[in-house]
Structure formats: structure tokens, C-alpha cells
Amino acid sequence: MTKYIVQGGSPLFGEVHISGAKNAAVAIIPAALLVDGVCRIENIPQISDVTLLFSILEELGANVRVLNRHTVEIDSRHVHSTTPSFDLVRRIRASYYLLGALLGRFGKATVAMPGGCNFGVRPIDQHVKGFRAMGAEVTEGNLVQAVAKGGRLTGAPVYLDMVSVGATMNIMMAAALADGTTTIENAAKEPHIVDLANFLNSMGADIKGAGTDSIRIRGVEKLTGGTYCIIPDQIEAGTYMAAVAAAGGRLLIRNVIPKHMDCISAKLTEMGVTVEEEDDTLLVTRSQPLQRTNVKTQPYPGFPTDMQPQIAVVLSLAQGTSLVTEGVYGANRFKYMDELRRMGAQVQVDGRVAVIEGVDHLNGAPVQACDLRAGAALVIAGLAAQGVTQLSQVQFIERGYEDLVGKLRAVGADIRVEEIPESREARNRMFHDDMDEWRLRMMQADMAFEDGRAVWAESSFDDSSWGEIAVPGFVQDQGLDGFSGFMWVRRDVEIPAGWAGKELTLTLAAIDDNDFTYFNGVEVGHTEGCMAFRSYKIPASLVKAGKATVAVRVMDTGGKGGIFGDANSIALAKSDSEKLPLAGQWKYKVSMGLGDA
């Protein structure tokens, strides 16, 4: 297990160089599949999402050649598949861009629903609406299958019912090689949308209006390759601005487009932070007490949802009461607030609104990241806190920040990476190393270990203490708060005689933060993070005819937990054509209602 250890109290002084935009890169790299030639992409950020996308492209048949740390050449002339790996795709939230690219170039695509961070279900209804308008037949479920009639999409007018960055970019990619002209009305205007359009145009596309609410794409016969440089990362720059605002100091932030930063600069200025623009730099200084303000996240040019956790940390140290309203995603975007409370923040969440009463200081504590931006926010909190903060689940942060620890250390932060050996048993206990001994004993009452594998105890499965949940669905966790315990969700299933002794595949839609899945009492899979479909192999030795039990132990049930998604995606399968659907009535029990004691 990798942790960040942060000793707070050191103001930040020096210079930070901003990397290429993550939100642009994760669309531009799939867009390279549209190019029948070699494209050279510069200013690529070194983050895990990018590495994962390169693996997906290579598996599809593209040749990815790394020229240096931030430059690659992608040759998609020999792509031979339109079905990316389920196991790879489910690990990245931006995987749906593969749909538009593959459908646009090859007239068909089969892509699993996206995984990645947990702050709300990421619907693709507007993407599908655009594809269907251009003549594609789309089947939704665990996998999204799209096929263009006649093998090529046809240009058409598309009106988005809501402003959607993902849908705007996906439809733009799909339309680049369509027959005729496509118009996207009520389009999103984010900088990375303009960047994607510029990339496609540099490869030979004909796209006009990106950055406005009306985009016109005139389909061309072929994209032929070229060279393109990705824009700087607006959110990475905003994160360092928030860091100096919270911890104090003076940072020169290089390689930015100041116009992209206006929405963030304006709020920090309201709070008493000095922001000076010059060419491609921002000089950010905080030397006086922070003042309260209100923030509402909105589509660009409004305040970005990807900066909401970071600004909330700054507001937790401001004088007075501030309101943060999440106008893009739902209340799940506030899951990190439980961790912030551990550090002494005074915050209350009511639906999409967080009420933040500023405190004099935060205190270091063991906390865990629940998504990319929440993780960055907790690093900022650690920098500003008194004492030591231990941050786990840092793989979320590394999805979108290049060398965050190294860049912070270079400007005076006391932060280091620590590798902690981790056993299967330790993972099943919980994720905080300093957990009270009584909590551990409570947990072990429901869990035992045989031959190094976790099994659940039959004695804890007394039906009289269990409620029922309709799956797909959620169950309220009865007010458990923060990292307060866990919940069991289980169902009995009848295994056909012909399946005995056969390897099976168990597929479940996402379940809260961290889950451990069991078949007939033996652990068959463990996932950290959520919002991804999971597929687990059931060894043939465990499969016997008759009654079997599928059980999931959901960790950190702060809010709502359960199983959700399309009912077709929740199944036990012997093959693609032989499946036992698992939707319907399941049993659930909150096993440990210990609150934040």
C-alpha cells in the first residue's frame, strides 16, 4: 500500500511547472484511433490514466511509441479490434471516449461502461442520443454496443438536453468522419473541448465553433496524421493555487493559460489571495487571513466541479461561514467531507450544498482519498494542518496529477511517499493503520481466515437481523458517518447441475467505496474504489450444484451503499449465453454502527 505522509505547517515558496491537461489527454489519446496515419502528441502528462489508455490502444492494434517523457507517436493504421479489454476499460472513467472514436472510424464499437472515481453515476444518455441521431444502433447494458447503419455514420443535428462535456467530445469524435455535417447545440465550452477540436483539425478534420454552445463538424473521408501539443492543465494549476492559499506562501505557476484560470482566480481573490497574471504565468500570494465566500460549480466558464474539493479545503480555513453548491454532480461529490471532518473541519452537507464554518486550523489525521480531486484536496488539507497527515488510496491522485509529491517538495512542502507492506488480512481489516483495537475485534467477529483466505462467519448470517434491498438499488446506512463500519449485501442462487465443477464469472455493478466479494463463503475478489463494473472468476472447485450464496462486504458505508446499474449487468455466468441474473431481492445488514467514535 502506498501512502503520502504530510507534515503540515510549511508555507510554499518557489515555482511550479504545470503539465499537460489530463482532461484533454484522456480524450485526445482515444481520438488518435480516428487517424489513419501517425500522429505525434506533445505535452502528454505522466499520469496513470494516460498509461492505461496507451495499453488499451496497443491491445486494439495501435503502435504507441514513447519519444520522451511527454511526447508519443501513435500509429493507428493497423488497429484490428473495436472491442477494448473489459478489465482495462473498467478502470478508467474516461473510457467512453473510445466509443466515439471507434464508431466514427470503423462504424462499430463495443465498450464496457466506465470506471474510475466515485462521485456519482456517469450517464451516457446524451452520448447515445448523438450516436443514434447519426444513424447508429446502440444497445446499452454492462457493455455498450454501437453499430452504424451501412458501416458509416451520417451527419445530423444533435441537441443536448443538458450541457455535457463528455457527450460533446464523444459526438465530435464520432462526427469527424461521418458522411455530411453534424451540428451540436447546447454544447459544452470547456478548454479541453477546444483542445480536442484543435487536435482533430490538425489531423485534417473540419470542426468550427468549439468553445461556443454551437459546434459544426463537417465529416471528412480521412484523417491523415500530424503533430499536436496538449494545453496546460487548468485543474492542476488551480490545485497549486489552492495549496498556496491554504498553506500560505508565494508560488509562481508556470505554463498556464491565464484566461482558463479566471473562474478560479476570481474566487481566490475574493478570499484575500493575490493573483497576478503575466503571459503564461500566475504569481499567487497568500499572506493575510482568508475571507469567506460562496462557490457554485457550473459548466465552463463557471467554477469547475473538478476544483470543488480543493476550494472547500481553503474555505474550511476562512473566517466566517461559506457555502459550496455542487451544480454538476450530486451529493456524492462531497464524500470527502467525512475525511475533512477527521482533520477538524466544521462542515455540514445537505444534498448538493455544503455549509463550511471556518476554523483556526486543521489537525493532521489518517485519511483516505475517495476520488482524484478529493485526494488532492486532502493533500492540501495536510499541508495546511498542524501535525502529520497520513493519506491512503493515493492511486486515485496518481490518475490525474503528474509527480504531485515531487512538485510540492520542490516548493518547500514536507511530504513523502511511503510504501507499507500489505497482506490480504490487513486489507480486510480496514484502511487506517491506527484503527482502535476494539474496532478490529468487532470486525473479526464477522470474519475469519482459512489458509490465508478470508471467509465470512456463518454465525453472523442470521436472517432475522437482515433487511431486504431491491437490486439494482441503494440502502441507506442508518446514519453511519465517515469511515464508520461496513455493510453486508448477499443473495442465494440455485446453481444448475450442468454448471458444477465449471469456472464461472460473477459480474456486479459498483458498490460504495471498497468491497470484498464472496462465493459460498470464500473471497473471490476485492476492489478499492467504485463506480466500476467488476468481473470476478469463480474457481471451478467452488462451484457445486444447488444453493450457493453471493455476498459482498461493503466498506465505508458513509451515505448510501448497495448495488446498482443495469439489471442485465448483475449476473453469474457460465458463458456469454448461459447466465443467471442476480437482480431482484437481496438481503442486507449494517454490521458495525460505530459512528465516528
Side-chain angles (χ1 to χ4, degrees), residues 86-87 90 112 141-143 423-425 427-429 443-473 475 486-512 514-527 532-555 561-589 591:
F86 179 94
D87 288 335
R90 68 182 185 146
N142 192 4
L143 299 175
S423 67
R424 171 70 71 178
E425 180 171 352
R427 288 202 300 272
N428 278 272
R429 288 176 177 172
M443 198 166 178
Q444 288 175 331
D446 276 349
M447 183 70 72
F449 296 88
E450 295 177 2
D451 298 326
R453 303 196 71 184
V455 298
W456 43 258
E458 287 283 357
S459 60
S460 68
F461 279 64
D462 175 9
D463 278 348
S464 65
S465 64
W466 289 65
E468 288 196 341
I469 173 177
V471 170
V475 58
F486 54 81
M487 177 178 69
W488 283 103
V489 189
R490 70 179 178 94
R491 175 183 169 150
D492 294 335
V493 60
E494 194 71 21
I495 302 297
W499 288 25
K502 306 292 185 183
E503 182 182 77
L504 305 182
T505 300
L506 172 64
T507 303
L508 295 171
I511 316 158
D512 214 297
N514 301 279
D515 61 85
F516 302 82
T517 300
Y518 302 84
F519 182 82
N520 277 346
V522 177
E523 181 184 338
V524 293
H526 164 228
T527 305
F533 291 98
R534 294 91 186 264
S535 240
Y536 302 123
K537 294 297 183 184
I538 311 297
S541 60
L542 295 181
V543 182
K544 297 177 174 57
K547 176 186 168 183
T549 299
V550 175
V552 184
R553 191 177 203 196
V554 183
M555 308 290 288
I563 304 177
F564 64 93
D566 189 314
N568 293 327
S569 67
I570 305 169
L572 190 63
K574 178 170 168 282
S575 65
D576 289 342
S577 60
E578 296 178 275
K579 294 183 179 180
L580 291 176
L582 296 181
Q585 291 300 117
W586 286 48
K587 300 283 188 182
Y588 82 91
K589 181 173 72 170
S591 288

Worksheet entry | Sub-4.5 Å side-chain heavy-atom contact between Ile538 and Asn520 | no
Worksheet item: Side-chain contact, heavy-atom cut-off 4.5 Å: Tyr518 with Val524?
Response: no
Worksheet item: For the residue pair Gly501 and Ala540, what are the closest heavy atoms and their distance?
Response: O-CB, 3.2 Å
Item to complete: Compare every heavy atom of Leu580 with every heavy atom of Pro496, then report the nearest pair and how far apart it is.
Response: CD-CD1, 3.9 Å
Worksheet item: Who are the side-chain contact (heavy atoms from CB on, under 4.5 Å) partners of Ala573, not counting sequence neighbours?
Response: Lys579
Worksheet, complete the sentence: Sequence neighbours excluded, the answer for side-chain contact (heavy atoms from CB on, under 4.5 Å) partners of Ser575 is Ser577, Glu578
Worksheet, complete the sentence: Shortest non-hydrogen pair, Ala545 vs Ala497, comes out as CB-CA, 3.7 Å
Fill in: 4.5 Å side-chain heavy-atom contact, Leu504 and Leu542
no
Worksheet entry | All pairs passing side-chain hydrogen bond (donor to acceptor under 3.5 Å, both in side chains) where residues 493-505 contributes a residue, at least two apart | Thr505-Lys537
